[in-house]
Amino acid sequence: MNSAEPITKPVSLKVPALRQMKADGMRITASTAYDSTFGSLLDRSGIDVVLVGDSLGMVVLGERHTLSVSMDDMVHHTRAVSRGVQRALLVADMPFASYPDPATAFRNAARLISEGRASMVKLEGDGHVFESVRYLTDREIPVCAHIGMTPQSIHRFGGFRLQGKSDETAAKIRSAAIAAEAAGAEMLVLECVPASLAVDVTASVSIPVIGIGAGIACDGQILVSYDLLGFTTGRRPRFVKNFLAGRDSAEAAVRAYVDDVRNGLFPTLDNSY
């Protein structure tokens, strides 16, 4: 009797691989998961980065924004997602008010790494936030920065609004990207900015820039998994596409998203600002 074929575990992506993907011109694919089942779905469908987003407050818990999500929520959901992810890099959002100063940021980020089993944490904002980015990276916690339209700032922005439309605000976002890299960030999410600004930002830094509503020029793209599967309720943002339409399974939809991002077919001009 022939012995069974050995079961090989997929090689997991490490943080340095993302920078190499940018250098090689290989677009990075990313999406969100909030439980083990979605983590496994994204992982086996070829997603490179699985983000446990504080967007869970809206798409899972039914809140109007992300601000009520707690550290305990994020640790709980990150640990659940980690059980379904083998290959992809697992990133977890730092929720609102969890990083008011570097020491507090470290305590909370350490929970997401140790209890949640994430490989990287994501912080929104600029300015003083980069003090925490530096503090974390100096203590061996990889960080993804998030600039542009930052959902935790909706009260200051007056809602979910396009950022970087004026020369002044565009220059601020470009400077923030450079400052994020200088502070030690290994990756950058750039959300809801004009596509022309995303071109400049992506070229200004050596770390990967992952866009959402930021045009085709970024090094990769991220969509909320519920959005790419057509679960969006209410008004659908222009950067969202339903990849499940015309397909017979969620896995086929995610694979189509991966293929379109890899081949530069998504986002289109219709999905950009």
Side-chain angles (χ1 to χ4, degrees), residues 30 32-35 49-82 90-161 163-164 169 172-173 175-177 179-193 210 212-213 222 224 226:
T32 61
Y34 315 101
D35 58 36
V49 175
V50 173
L51 171 67
V52 186
D54 60 1
S55 49
L56 75 89
M58 301 173 69
V59 301
V60 175
L61 303 179
E63 302 287 354
R64 296 179 62 186
H65 46 61
T66 65
L67 304 183
S68 62
V69 176
S70 69
M71 271 304 305
D72 286 343
D73 290 334
M74 291 306 306
V75 170
H76 172 85
H77 286 271
T78 302
R79 189 177 182 91
V81 173
S82 75
L90 183 59
V91 182
D93 265 341
M94 297 280 286
F96 177 68
S98 66
Y99 45 102
D101 57 78
T104 303
F106 177 75
R107 287 195 299 272
N108 286 323
R111 289 191 64 195
L112 290 171
I113 300 296
S114 61
E115 298 175 48
R117 301 174 182 168
S119 296
M120 178 183 283
V121 298
K122 180 167 76 65
L123 281 67
E124 294 185 13
D126 54 20
H128 77 279
V129 172
F130 297 145
E131 298 174 14
S132 293
V133 172
R134 171 57 66 194
Y135 195 87
L136 296 181
T137 57
D138 283 348
R139 288 156 180 79
E140 311 306 329
I141 296 181
V143 173
C144 173
H146 183 159
I147 61 174
M149 205 295 291
T150 47
Q152 292 177 13
S153 304
I154 60 165
H155 291 319
R156 177 165 61 88
F157 290 158
F160 299 97
R161 301 179 184 278
Q163 302 297 307
T169 55
K172 182 179 178 181
I173 290 171
S175 296
E181 181 176 23
E186 295 282 356
M187 188 165 66
L188 181 69
V189 168
L190 182 62
E191 181 169 358
C192 284
V193 302
I210 310 300
I212 176 168
I222 185 168
V224 169
Y226 287 30

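Hydrogens, waters and symmetry mates are skipped; everything else that's a heavy atom, side chains included, is used.
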Exercise for review: Quick one: pull up CG in L51 and OG1 in T78 and give me the separation to the nearest 0.5 Å.
Suggested key: 8.5 Å

Revision key, fill the gap. When every non-hydrogen atom of F130 is compared with those of A183, the smallest separation belongs to O-CB, 3.7 Å

Show me, pair by pair, the donor-acceptor contacts under 3.5 angstrom made by side chains of residues 52-68, not counting sequence neighbours?
residue : atom : partner : partner atom : Å
D54     : OD2  : Q152    : NE2          : 2.8
S55     : OG   : Y34     : OH           : 2.7
H65     : ND1  : L67     : N            : 3.2

Check your understanding: Considering all heavy atoms of both residues, which atom of L188 and which atom of A180 are nearest to each other, and what is their separation?
Key -> CD1-CB, 4.4 Å

Practice item. With rounding to the nearest 0.5 Å, note down the distance linking CE in M120 to CD1 in I141. Key: 11.5 Å

Check your understanding: Restricting to pairs with a member in residues 106-122, which pass salt bridge (charged side-chain N to carboxylate O under 4.0 Å, His left out), not counting sequence neighbours?
Key -> D72-R111, D93-K122, R111-E115

**Study point:** I147 to G125 - nearest heavy-atom pair and separation
**Key:** CG2-O, 3.9 Å

**Study point:** Distance, nearest 0.5 Å, that separates CD1 of I113 from CD of E140
**Key:** 11.5 Å

Exercise for review: Please collect all salt bridge (charged side-chain N to carboxylate O under 4.0 Å, His left out) contacts where either partner lies in residues 126-136, sequence neighbours excluded, each pair once.
Suggested key: R134-D138

Review point. Taking all atoms of both residues into account, what is the closest heavy-atom pair of M149 and C192, and its distance?
Key: CB-CB, 3.6 Å

Review point. Can you find a pair of side-chain heavy atoms, one from P142 and one from M187, that are under 4.5 Å apart?
Key: no

Check your understanding: Side chains of I210 and V49: closer than 4.5 Å at any heavy-atom pair?
Key -> no

Check your understanding: What are the two closest non-hydrogen atoms of T104 and P100, and how far apart are they?
Key -> CG2-CD, 3.8 Å

Revision key, fill the gap. Rounded to the nearest 0.5 Å, the CG atom of L190 sits from the CD1 atom of I222 at a distance of 12.5 Å

Point to revise | Any L123 side-chain heavy atom under 4.5 Å of V133 side chain | key: yes

Practice item. Ignoring hydrogens and angles, tell me if any N or O in the side chain of Y99 forms a donor-acceptor pair with the backbone of E124 under 3.5 Å. Key: yes

Practice item. Please report the shortest heavy-atom distance between M71 and P95, naming the atom on each side. Key: SD-CD, 3.4 Å

**Study point:** Nearest-0.5 Å distance that lies between atom OG in S132 and atom CE in M94
**Key:** 7.5 Å

**Study point:** Spacing of S82 atom OG and L112 atom CG [to the nearest 0.5 Å]
**Key:** 11.5 Å

